[in-house]
Amino acid sequence: MSGLSDFCFDTETNSLDPLNTQLVSIAFSWEKGSGTMLWLPPEKDRAIKLLAHLRPVLENEKIRKTGQNLKFDIQVLAGYGISVRGPLFDTMLAHYLLEPDMRHNMDLLSSQYLGYEPVHIEELIGERGPRQKTMREVEKERVREYAVEDTDVTWQLMKLFEPMLIKHDLHTLAAGIEMPLIRVLAAMERDGVLLDESVLKKYAVTLREGIIRLEQEIYTFAGHEFNISSPKQLGDILFVRLRLDDNARLTKTKQYRTDEEVLQRLSGRHPIVEKVLEYRGLKKLLSTYVEALPQLVNPVTGRIHTTYNQAVASTGRLSSTNPNLQNIPVRDSEGREIRKAFIPEQGKIFLSADYSQIELRLMAHLSGDSAMISDFLSGQDIHAATASKIFGVPVADVTREMRARAKTANFGIIYGISAFGLSERLTIGRKEAKELIDGYFSSYPGVKAYMDESIRRARELGYVTTMFGRRRYLPDIHSRNQVVRGNAERNAINAPLQGSAADIIKIAMVSIASRLEREMPGAKMILQVHDELIFEVDEGRVKKLEALVREEMKGAAELSVPLEVDTGTGYNWLEAH
DNA sequence: CCCAGCACGC
DNA sequence: GACGTACGTGCTGGGT
């Protein structure tokens, strides 16, 4: 393999959890139709010795590595002391850039692009369930056949996708952002974050007490016991037995709607409603976070290791699963308690850094609206500035209410809201909402023009793009169904904003990771929450880290408005945020 | 096992 | 008259 500049590899393992798995084999291909496999013994020390022969290749900075979902293979090899270096080409991510709304698993790509059906993993290890075997238990020659075929297919997909990326102007985004990010995410996932289980244990007791108390109160109001967590049963209690609203709205399955919005409106009519809202909140905290998080602590590392999915969100954002660390509560005080359980290890501290108003700043930049650009340049509170314009009063005279409405309008604009949507959100009349929107567009005429232009381009090209060329196809933009079309039009407005923000933070993550490696190897980037990054660092070095992070986040893109970054430090996630 | 309803984040 | 703000993940209930 010496002299190679480019090859494809794939690991076979005993488990899909890369942090706690055993390597069974590693296969290679660098020529269509052929490949080879190294079979590894179950004893880890022996496997490591064998793998050492491959180190000069796998760790070679000059040799590009191709694979399907390389983050997994990189993590597995990290567990065997191999640090995969050099450029990467991930066929899953390549296809994600080419067709963000489609699925990207290898079997599908193979049949779709190569017209070839590879051997299915179930043919080796059996169907999912208690009788499923591990790769280790499969005969070596059968594994070889399967593994080599996979690398061959992946190699061929790379040969196909790379020119396609170039043709669609996606190659810079791929080679400059998405591919380098793989290694960054692999390290973040492997590092994980420490959870103070005692915080959650104590909180669980409080929550359970509250839930039991509320259950009794609700049963008393209802006249009998029922399952409060069943929207069907709850709907019957509220709207049949208690008849709180004879014009209650129904879901598409003809059940009574009992979501928060409905309940809020009903809350003055009967004391049961408030109790149900409170019950729902506590139940959510208990089941989704307080009880679930401790079960996801890795017994070996003692930390929580989320998985970032780099190929699911059609706008270019990351998502997080097992657990989802991107939806940890922050808004109300009960929920915020959960954040206290995320802590740095002894002697370290968290640094949190988040982009301030990045999507609205991108709206200012992409639209070129001079009023919005000046509002950002002046450094004043953007929502107050918007309120001052749409309500025609000096900034000093903007009331809390006016600012709140302007803030809702600003968010609505990013999402392509309608007058109807805004009126619902602000609980004001349609006419008033329309006036508000008209006022908004006459204050920021460039924003209106930009929104129209985004829709026009989507119609003309069939897709919209971010600042860095990421595409989102919007075939529904031509639909005769106005609901479907309206959805596509909102996507035409939102996708370039949300997607450019995703591009920018990814650029920042790649550059921060590379600087940390050289300049502050002790500091770790551990979490990403769309516009926010969390770091764990020695207490004494947090100031230096803050400066580095600010510099790289602000410098990730050159906009016609400044990219502001807010930072905080603390001994748990709540304190740092 | 899958879908609906709901709720958490940005 | 109907229409209802983008992107996600996960839990529970309820039907199969």
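Lettering follows sequence order; numbering is per chain, from 1. Below, each value reflects all heavy atoms present in this structure, side chains not excepted, and no hydrogens, waters or symmetry copies. This is a predicted model, so every value here is computed, not measured.
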> For A/Ile417, answer base if it contacts any base atom (sugar-phosphate contacts may also be present), sugar-phosphate if it contacts only those atoms, and nothing otherwise; contact means non-hydrogen atoms under 4.0 Å.
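It contacts base atoms.
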
> Could you measure the distance from the CG atom of A/Leu366 to the CG atom of A/Leu362? Nearest 0.5 Å is fine.
5.5 Å

> Give a yes/no answer on whether the side chain of A/Arg280 brings an N or O atom under 4.0 Å of OP1 or OP2 in B/dG5.
no

> Looking at every heavy atom in both A/Leu173 and A/Phe468, which two are closest together, and how far apart are they?
CB-O, 3.8 Å

> Is A/Thr288 near enough to B/dG9 that one of its side-chain N or O atoms lies under 4.0 angstrom from OP1 or OP2?
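Indeed not, no polar side-chain atom of A/Thr288 lies that close.
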
> Can you tell which of A/Arg403, A/Arg400, A/Lys407 makes a salt bridge (charged side-chain N to carboxylate O under 4.0 Å, His left out) with A/Asp381?
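Result: among A/Arg403, A/Arg400, A/Lys407, A/Arg403 is the only option passing the salt bridge (charged side-chain N to carboxylate O under 4.0 Å, His left out) with A/Asp381.
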
> Hey, does A/Gln528 reach any base, or is it just sugar-phosphate, or nothing, if we go heavy atoms under 4.0 Å?
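The residue A/Gln528 makes no contact with any strand.
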
> Should A/Asn487 be listed as having a side-chain N or O under 4.0 Å from OP1 or OP2 of C/dA6?
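For C/dA6, OP1 or OP2 has a side-chain N or O of A/Asn487 closer than 4.0 Å.
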
> What's A/Gln233 touching, base or sugar-phosphate or nothing? Going by heavy atoms closer than 4.0 Å.
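Sugar-phosphate, backbone atoms only, no base.
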
> OP1 or OP2 of B/dC8 versus the side-chain N and O atoms of A/Arg331: is any pair under 4.0 Å?
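No, because none of the side-chain N or O atoms of A/Arg331 sits under 4.0 Å from OP1 or OP2 of B/dC8.
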
> Please pick, from C/dG14, C/dG10, B/dC6, the nucleotide with the shortest atom-to-atom distance to any side-chain atom of A/Asn322.
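The answer is C/dG10, which lies nearest to the side chain.
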
> Between A/Phe226 (CZ) and C/dG14 (P), how many Å, whole number?
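These atoms are roughly 11 Å apart.
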
> For A/Lys252, which contact category applies under a 4.0 Å heavy-atom criterion: base, sugar-phosphate, or nothing?
sugar-phosphate

> Look up atom NE2 in A/His365 and atom CG in A/Leu497, then write down how far apart they are to the nearest 0.5 Å.
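So the gap between those two atoms works out to 11.0 Å.
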
> Identify, between A/Glu291 and A/Glu261, the residue whose nearest nucleotide on DNA chain C lies closer to the 5' end.
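Mapping each residue to its closest nucleotide by heavy atoms, the 5'-most match is A/Glu261.
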
> If you look at every strand shown and take non-hydrogen atoms under 4.0 Å, does A/Arg430 touch a base, only sugar-phosphate, or nothing?
base

> Tell me: CG of A/Leu318 to C1' of C/dT9, nearest whole Å?
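In whole Å, C/dT9 C1' lies 14 Å from A/Leu318 CG.
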
> Report the residue (A/Asn324 or A/Arg257) whose heavy-atom-nearest nucleotide on DNA chain C is the more 5′ of the two.
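First, find each residue's nearest nucleotide; the 5'-ward one identifies A/Arg257.
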
> It should be established whether A/Thr258 places a side-chain nitrogen or oxygen under 4.0 Å from OP1 or OP2 of nucleotide B/dC6.
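So the side-chain polar atoms of A/Thr258 do come within 4.0 Å of the phosphate oxygens OP1 or OP2 of B/dC6, strictly under.
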
> For A/Ser320, which contact category applies under a 4.0 Å heavy-atom criterion: base, sugar-phosphate, or nothing?
sugar-phosphate

> So, OP1 or OP2 of C/dG14: does either fall under 4.0 Å of a side-chain N or O from A/Ser230?
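Yes, within the criterion.
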
> Is any side-chain nitrogen or oxygen of A/Ser229 closer than 4.0 Å to OP1 or OP2 of C/dC11?
no

> Among C/dG10, B/dG5, C/dG15, find the nucleotide with the atom closest to the side chain of A/Thr253.
B/dG5

> With a 4.0 Å limit, can you tell me whether A/Gln326 has a side-chain N or O closer than that to the phosphate oxygens OP1/OP2 of C/dC7?
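Result: no.
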
> Scan every strand shown for a Watson-Crick or G-U wobble partner of C/dC3, both distances under 3.5 Å, and answer none if you come up empty.
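Paired with no nucleotide.
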
> Indicate, with a heavy-atom threshold strictly under 4.0 Å, whether A/Gly412 touches base, sugar-phosphate, or nothing.
nothing

> Of the listed nucleotides (B/dG5, B/dC10, C/dC7), which one gets closest to any side-chain atom of A/Thr251?
B/dG5

> Distance check needed: C/dA6 P versus A/Leu422 CG, whole Å only.
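Rounded to the whole Å, the gap is 14 Å.
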
> Of all the choices, C/dG10, B/dG9, C/dC7, which nucleotide is nearest to the side chain of A/Arg472 once you look at every atom?
C/dC7

> Is there a side-chain contact between A/Arg317 and the phosphate of C/dG8, meaning an N or O under 4.0 Å from OP1 or OP2?
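No.
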
> If I take atom CD in residue A/Glu334 and atom P in nucleotide B/dC8, what distance separates them, rounded to the nearest angstrom?
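Computing the A/Glu334:CD to B/dC8:P distance gives 10 Å.
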
> Looking at A/Ile237, A/Leu214, A/Leu234, which one forms a side chain to side chain contact (heavy atoms under 4.5 Å, CB included) with A/Val276?
A/Leu234

> In whole angstrom, give the distance that lies between atom CG of A/Leu325 and atom P of C/dG10.
10 Å

> Taking the side chain of A/Val312 as its heavy atoms from C-beta onward, which of B/dA7, C/dG8, B/dC6 lies nearest to it?
C/dG8

> What I'd like to find out is whether the side chain of A/Lys554 reaches to under 4.5 Å of the side chain of A/Glu564, using heavy atoms alone.
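Yes, side chains in contact.
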
> Provide the distance between the two C1' atoms, one in B/dA7 and one in C/dG1, to the nearest whole Å.
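Each nucleotide's C1' atom is 31 Å from the other's.
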
> Testing A/Lys524, A/Lys71, A/Arg303 for salt bridge (charged side-chain N to carboxylate O under 4.0 Å, His left out) with A/Glu189, which one passes?
A/Lys71

> More than 12 foreign heavy atoms under 6.0 Å from CD of A/Glu575: is that the case here?
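For A/Glu575, atom CD is crowded (more than 12 foreign heavy atoms under 6.0 Å).
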
> For B/dA7, does the base pair up with any side-chain atom of A/Glu260 as donor and acceptor (N or O, under 3.5 Å, distance only)?
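A donor-acceptor contact between them is absent.
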
> Given atom CD1 of A/Ile534 and atom P of B/dG9, what is their separation to the nearest angstrom?
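Value for this atom pair: 15 Å.
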
> Does A/Arg490 make a side-chain N or O approach to OP1 or OP2 of C/dA6 shorter than 4.0 Å?
yes

> Under 4.0 Å, counting only non-hydrogen atoms across every strand here, what does A/Asn309 touch: a base, just sugar-phosphate, or nothing?
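Nothing, no nucleic acid heavy atom in range.
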
> Base, sugar-phosphate alone, or nothing: which one does A/Phe411 contact when heavy atoms must sit under 4.0 Å apart?
nothing

> Would you say C/dA6 has OP1 or OP2 under 4.0 Å from some side-chain N or O of A/Asn491?
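Result: no.
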
> Grab the CG-P distance between A/Leu234 and C/dT12 for me, whole Å please.
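Atom-to-atom, A/Leu234 to C/dT12, this comes out as 17 Å.
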
> Given atom CD1 of A/Ile211 and atom C1' of C/dC11, what is their separation to the nearest angstrom?
13 Å

